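Remember, predicted model here, so these are calculated numbers, not experimental data. Residue numbering restarts at 1 for every chain, and letters A, B, ... go by the order of the sequence lines.
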There are 2 protein chains.
Amino acid sequence: MSSATRLPATASDPDPSRRNNLALIATLVHHHGVLSRAELTRRTGLNRSTVGTLVGQLVALGLVYEAAPSGEAQVGRPSPDVRPDPSTAALAVNPEVDAVTIGLVSLGGKVQKKIRFATERIPTAKEAVNIAAAVIVGMRSELDASYRIVGIGLAVPGLVNRADGVVRHAPHLGWRDEPVARMLGEATGYPCLADNDASLGAEAELIFGAGAGRGNLVYLNGGASGIGGGVIADGALLRGSAGYAGELGHTFVRTAGQICHCGASGCLETEVSQSRLFDLAGLGGGDASQLEAALRSKASAELAAEVARQLGYLGITLRNAVNTFNPDAIVLDGFLGILHALSPDTLDGLIRTQALDEAAGRARIYRAALGSDLMMIGAAELAFTRLLADPAGITALPAPPAKVR
Amino acid sequence: MSSATRLPATASDPDPSRRNNLALIATLVHHHGVLSRAELTRRTGLNRSTVGTLVGQLVALGLVYEAAPSGEAQVGRPSPDVRPDPSTAALAVNPEVDAVTIGLVSLGGKVQKKIRFATERIPTAKEAVNIAAAVIVGMRSELDASYRIVGIGLAVPGLVNRADGVVRHAPHLGWRDEPVARMLGEATGYPCLADNDASLGAEAELIFGAGAGRGNLVYLNGGASGIGGGVIADGALLRGSAGYAGELGHTFVRTAGQICHCGASGCLETEVSQSRLFDLAGLGGGDASQLEAALRSKASAELAAEVARQLGYLGITLRNAVNTFNPDAIVLDGFLGILHALSPDTLDGLIRTQALDEAAGRARIYRAALGSDLMMIGAAELAFTRLLADPAGITALPAPPAKVR
DNA sequence: AGCATTTTGTTCTGCGCACAAACATATTAG
DNA sequence: CTAATATGTTTGTGCGCAGAACAAAATGCT
C-alpha cells in the first residue's frame with residue numbers, strides 16, 4: 001500500500017443532495033444576475049430555512065454576495081438581493097484565423113476585460129497558446145489582486161473533444177489533434193477546458209442572450225472561419241457521441257453543388273460564404289461592419305443577387321433545423337446575422353412556408369447582439385459550468401482576494 | 001374551507017432522494033432484464049444495505065421479484081437475480097393507414113400479446129380509438145386476472161404533443177388536432193399517453209434493440225405512412241419546444257425536387273418512397289417481406305436504378321444526420337432497412353466519404369430487427385416511463401393480481 | 001402616528017434516508 | 001474440512017431538509 005492510501009472521507013463528496021441544491025442556487029444566481037432570496041425559495045421549491053443555509057454557504061465560498069434589496073417595494077419584510085460575486089472569474093481564449101482574443105469574464109457573465117491580439121498570419125496551435133499564455137501571465141499579478149480565477153475556457157473554430165480538450169480538426173486554422181487545453185493549462189497553471197466555438201456561442205446565447213430562458217435554440221455563426229453551428233436541445237447543449245454534434249455548416253443545401261473541403265458537395269459552408277460578399281462589395285478584407293454598410297448602401301444588382309442566393313441556401317438549412325429541432329429561437333451571428341438583418345422577413349418567410357408548420361411554431365429568428373463578447377462569455381462558461389456543478393469543490397482553489405466592491 | 005382541505009402530508013412525496021434511487025434501480029432492472037443485487041450496488045454506487053432496502057420496496061410494489069441466482073458461479077455468497085415483474089404490464093396501440101395494432105407488453109419489454117386489426121380504409125381517429133377500446137375491453141377480464149395494467153401508450157405516425165396526447169397533424173392518416181389520448185383514456189378507464197411513432201421506435205431501439213446502451217442514436221422508419229424519424233441525443237429523446245423534433249423525413253435532399261405534401265420541395269419523404277418500389281416491382285400493395293424478396297431476386301434495371309436513386313437520397317439524409325448528431329448508431333426500419341440490407345456497404349460508404357470523418361467516427365448503420373414488436377415496446381414505454389419515474393406512486397393503481405409465474 | 005397585516009429571515013426540532021460497521025451466510029479453493 | 005471471498009442483514013450514526021414558532025421589516029389603513 002502506498003502512503004497515500006485511504007484518504008480521509010473528505011468533505012469533497014458531501015451529501016449529493018446538498019451538492020445538487022448548492023449547484024441549483026449558484027446556477028440560478030449566475031444566470032439571472034440578481035435574485036431575491038424569496039425568489040430563490042419559490043424557484044427551487046426548497047424551504048426558506050434551507051435556502052438560507054445554502055446561500056450562506058455560497059457566500060462563505062465567495063460565489064455570491066447578499067446586498068440590500070433593489071427590487072420594487074412590497075408589503076412584507078424585504079428580501080435581500082443575491083448576486084454573483086464578480087471577484088470570482090474565468091479567463092476566455094478564442095483563436096481565429098487572424099487574431100487571438102483573450103478575455104476576463106466574471107461570474108454572472110460580465111466581460112471585464114478583452115484583448116484582441118491580431119496576428120499576421122493564421123496562428124499555429126503553439127503560437128495561439130503562446131500568445132494567450134503571454135497575455136495571461138502578463139496580467140497575472142493584476143488578476144491575483146482582484147479576482148479568483150477558476151479556470152480558462154478555450155473556444156476553437158473546429159471539432160473539439162470537450163472531454164480532453166483536444167482539437168481534433170480545425171480546418172480553417174489548419175490544426176489537427178492539438179491538445180490545446182493541456183498546453184495552455186501547463187503554460188499558465190490554470191485548469192483549462194476547450195470546446196467548439198459555436199457550441200459555446202449557443203450556450204452563451206441561451207443563458208445571457210436572445211435565447212434567455214428557452215430550452216431549444218439553434219445558433220449559427222458565419223465568419224472568416226466558415227459557418228459553425230451549435231444547438232441547445234431540451235435545455236442542454238447537443239454534444240453527440242464524441243462531442244462533434246451540431247455541425248450545421250455542412251448541411252446539404254444544393255444538388256451538384258461545389259465540392260467542400262470536407263469532401264462532400266453542396267454544403268452550406270461552400271455555398272454561403274463571407275469572402276464572396278467581400279469580393280463583390282469591393283472590400284479587401286475588411287470587418288463585418290464595413291460589409292454591412294456596403295450591403296445596405298450600394299446594392300449592385302450582382303451583389304443583391306448573391307445576397308438573395310445565399311439567403312436561399314441559408315433558408316434551406318434553417319428549414320432542416322426547424323424540422324429537426326423544433327426550436328424556440330434561431331440565432332444568427334456574424335455575417336449570417338447581417339444577411340438576415342438586411343431583410344428580416346425573407347428567412348422568416350422561408351421557414352414559415354418551407355418547414356413543417358407545427359415544428360416552426362412560434363419560433364423566431366434573432367440576430368445575435370453580443371458580438372465578440374459572446375465568445376468570451378461562452379468560453380468562460382466552460383470553467384463556470386464545472387464550478388457551478390460542485391460549488392463546494394472550490395475549496396481546493398486559491399483563497400479569494402480581499403473584497404473591494 | 002371545503003372538507004377536503006388540508007390533505008394529510010401523504011406518502012406520495014417521499015424524500016426526493018429515495019424516489020430517485022427507486023427510479024434508478026427500477027429502470028436498470030427494466031432495461032437489463034436480469035441484474036444481480038451485487039451488480040445493482042456496483043452500477044448505482046449505493047450502499048449494499050441501501051440497495052437491499054430499495055429492492056425490497058420494489059418487490060413490495062410488485063415491480064420486481066427476486067429469484068435464485070442464474071449467473072456464473074463465483075466465489076462468495078451468491079447474489080439473487082432481480083428481474084422485472086412481468087405481471088406489471090402496459091398496453092400499446094399503433095394506428096396505421098391500413099390497420100390498428102394493439103399489444104400487451106410486460107415490464108422488461110416482452111411483448112406478451114399482439115393483435116393486428118386490419119382496416120378496409122384509413123381509420124379516422126374515432127375509429128382507431130373505437131377499435132383499440134373494443135379489443136382492450138374485450139380482453140379486460142383476462143387481463144385483470146394475470147396483469148396489473150399501468151397504462152396505455154399510443155404510437156401515432158404524425159406530429160404529436162406528448163404533453164397532452166393530442167395529435168396535431170398526421171398527414172397520412174388525415175388527422176388534425178385529435179385528442180386521442182384523452183379519447184382512449186375515457187373509453188377504457190386506463191391512463192393514456194401518446195407520442196410520435198418514430199420517436200418511440202428510437203427509444204425502444206435505444207433500450208432493447210441495436211442501440212442498447214448507447215446514448216446517441218438516429219432512428220429512421222420507412223413505411224406506408226412516409227418516413228418518420230426519432231433521435232436520441234446524449235441519452236434522451238430529442239423533443240424540441242413542443243415535441244415535434246426529429247422530423248428527418250423532411251430533410252432537404254434534392255434541389256428542384258418534387259413538391260411534398262408539407263409544402264416544401266425536395267424532402268426525403270417525397271424522393272424516397274415505398275410505393276414507388278412496390279409499383280416497379282409489380283406488387284400491388286403487398287407487405288415488406290414480399291418487397292424484400294422481389295428486390296433481391298428479379299432486379300430489373302429500372303428497379304435497380306430506383307433503388308440506387310433512393311439510396312443516394314437516403315445517404316444525403318444520413319450525412320446530414322451524422323454531421324448534426326454525431327451518433328453512435330443509425331437504425332433503419334421498414335423499407336429503409338430493406339434498402340440498406342440489399343447493399344450494406346452503400347450507405348456506410350456514403351457516410352464515410354460524405355460526412356465529416358470525426359462526426360462519423362465509429363458510427364454504424366443497423367437494420368432494426370424487432371419489426372412491429374418495436375412499436376409495441378416503444379408505445380408501452382410511454383406508460384412505463386411514467387411508472388419508473390416514481391415507482392412508489394403506483395400505490396394508487398389497482399392491486400397486483402395473485403402471482404402465477 | 002400607531003396598529004394591523006403581510007412577507008420573509010432565523011432558530012430549533014424532528015424525521016427520513018443513506019452510509020458504515022459488525023455480523024451472518026453461502027459459495028469456491030485448496 | 002478449513003480458509004477465503006463475496007454478499008445479504010442488522011444496527012447505529014450523521015446529514016440535510018421540512019415545518020413550526022418566533023422575530024423583523026416593510027406597507028396600508030385609520
Side-chain angles (χ1 to χ4, degrees), chain A residues 6-26 34-61 64-82 390-392, chain B residues 6-25 34-60 64-82 390-392:
Chain A
R6 189 152 144 60
L7 302 167
T10 38
S12 68
D13 190 15
D15 222 312
S17 153
R18 175 134 121 247
R19 183 173 59 234
N20 206 51
N21 288 337
L22 275 178
L24 180 59
I25 290 189
V34 201
L35 234 40
S36 77
R37 243 160 86 172
E39 275 167 41
L40 283 172
T41 64
R42 280 188 290 269
R43 299 213 192 205
T44 59
L46 295 168
N47 192 284
R48 283 215 293 277
S49 51
T50 308
V51 172
T53 317
L54 293 168
V55 170
Q57 201 162 345
L58 290 176
V59 169
L61 288 166
V64 137
Y65 69 94
E66 290 186 287
S70 65
E72 295 292 282
Q74 295 191 15
V75 191
R77 176 172 175 172
S79 194
D81 280 356
V82 181
D390 181 16
Chain B
R6 189 152 144 60
L7 302 167
T10 38
S12 66
D13 191 14
D15 221 308
S17 149
R18 169 108 143 262
R19 183 173 58 232
N20 207 50
N21 289 338
L22 275 178
L24 180 59
I25 290 190
V34 202
L35 235 38
S36 77
R37 242 161 87 172
E39 275 167 41
L40 283 172
T41 64
R42 279 188 290 270
R43 299 212 191 207
T44 59
L46 294 169
N47 192 283
R48 280 216 296 277
S49 50
T50 308
V51 172
T53 318
L54 292 169
V55 170
Q57 201 163 345
L58 289 176
V59 170
V64 137
Y65 71 92
E66 290 186 287
S70 64
E72 295 292 281
Q74 295 191 13
V75 192
R77 176 171 175 173
S79 193
D81 280 355
V82 182
D390 182 16

Worksheet item: Expressed in angstrom and rounded to an integer, what is the separation of Ile25(B) atom CD1 from dC17(C) atom C1'?
Response: 13 Å
Discussion item. Any donor-acceptor pair, under 3.5 Å, between the side chain of Ser49(B) and the base of dA18(C), if you only look at N and O atoms?
Written reply: no
Worksheet entry | Length of the line joining Arg19(B):CZ and dC17(C):C1', which is rounded to integer Å | 14 Å
Practice prompt. Would you classify Ser36(B) as touching base, sugar-phosphate or nothing, given that sugar-phosphate means primed atoms plus P, OP1 and OP2, and contacts are heavy atoms under 4.0 Å?
Written response: nothing
Fill in: Test applied, side chain to side chain contact (heavy atoms under 4.5 Å, CB included); reference residue, Leu46(A); option that passes from Thr53(A), Thr41(A), Leu54(A)
Leu54(A)
Item to complete: Carefully, step by step, assess Asn21(A) and Thr44(A) under the rule side chain to side chain contact (heavy atoms under 4.5 Å, CB included).
Response: CA-CA 8 Å; Asn21(A) 288 337; Thr44(A) 59; over 6 Å; no
Item to complete: Report yes if a side-chain nitrogen or oxygen of Ser79(A) is closer than 4.0 Å to either non-bridging phosphate oxygen (OP1 or OP2) of dG9(C); otherwise report no.
Response: yes
Worksheet item: To the nearest 0.5 Å, how far apart are OG in Ser36(B) and CZ in Arg42(B)?
Response: 5.5 Å
Worksheet, complete the sentence: note: Asn20(B), atom CG; dC17(D), atom C1'; distance rounded to Å ~ 16 Å
Worksheet item: Nearest to the side chain of Arg37(B), which nucleotide is it out of dT11(C), dG9(C), dG8(D)?
Response: dG8(D)
Worksheet item: Is the distance from OP1 or OP2 of dA18(D) to the nearest side-chain N or O of Thr50(A) less than 4.0 Å?
Response: yes
Practice prompt. Would you indicate whether the side-chain heavy atoms of Ile25(A) and Val64(A) approach each other to under 4.5 Å?
Written response: no
Item to complete: Grab the two heavy atoms, one from Arg37(A) and one from Val55(A), that are nearest each other, plus how far apart they are.
Response: CG-CG2, 4.1 Å
Worksheet item: Do the side-chain N or O atoms of Ser17(A) get closer than 4.0 angstrom to the phosphate oxygens (OP1, OP2) of dC17(C)?
Response: no
Worksheet, complete the sentence: Here the distance between atom C1' of dG8(D) and atom CG of Leu54(B), to the nearest Å, is 15 Å
Using atom names, set out every protein N or O paired with an N or O of nucleotides 22-26 of chain C below 3.5 Å, distance rounded to 0.1 Å.
residue	atom	partner	partner atom	Å
dT25(C)	O4'	Arg77(B)	NH1	3.3
dA26(C)	N3	Arg77(B)	N	3.2

Discussion item. Let's see if you can work this out: which of dT7(D), dC17(D), dG8(D) has an atom nearest to the side-chain heavy atoms of Arg42(B)?
Written reply: dT7(D)
Worksheet item: Counting distance only, does the side-chain N/O of Asp81(A) pair as donor-acceptor with the main-chain N or O of Val34(A) below 3.5 Å?
Response: no
Item to complete: Starting from C1' on dA4(D), measure out to CD on Gln74(B) and report it in whole angstrom.
Response: 15 Å
Worksheet item: Please give, in whole Å, the distance from dA6(D) P to Glu39(B) CD?
Response: 15 Å
Item to complete: Output the single nucleotide from dG8(D), dC17(D), dT10(D) whose closest atom is nearest the side chain of Leu46(A).
Response: dC17(D)
Worksheet, complete the sentence: Glu72(B) CD to dT27(C) C1', in whole Å, measures 14 Å
Fill in: Test item: side-chain donor near acceptor, Ser17(B) and Asp15(B), under 3.5 Å
no
Worksheet item: Does Asn21(B) make a side-chain N or O approach to OP1 or OP2 of dC17(C) shorter than 4.0 Å?
Response: no
Discussion item. Using modelled atom types and a 3.5 Å cut-off, is there a donor and acceptor pairing between side-chain atoms of Ser79(B) and backbone atoms of Ala38(B)?
Written reply: yes
Discussion item. I need the CG-C1' distance between Leu22(B) and dC17(C), as an integer number of Å.
Written reply: 11 Å
Practice prompt. Using only side-chain N and O atoms of Asn47(B), determine if any of them is under 4.0 Å from OP1 or OP2 of dA18(C).
Written response: no
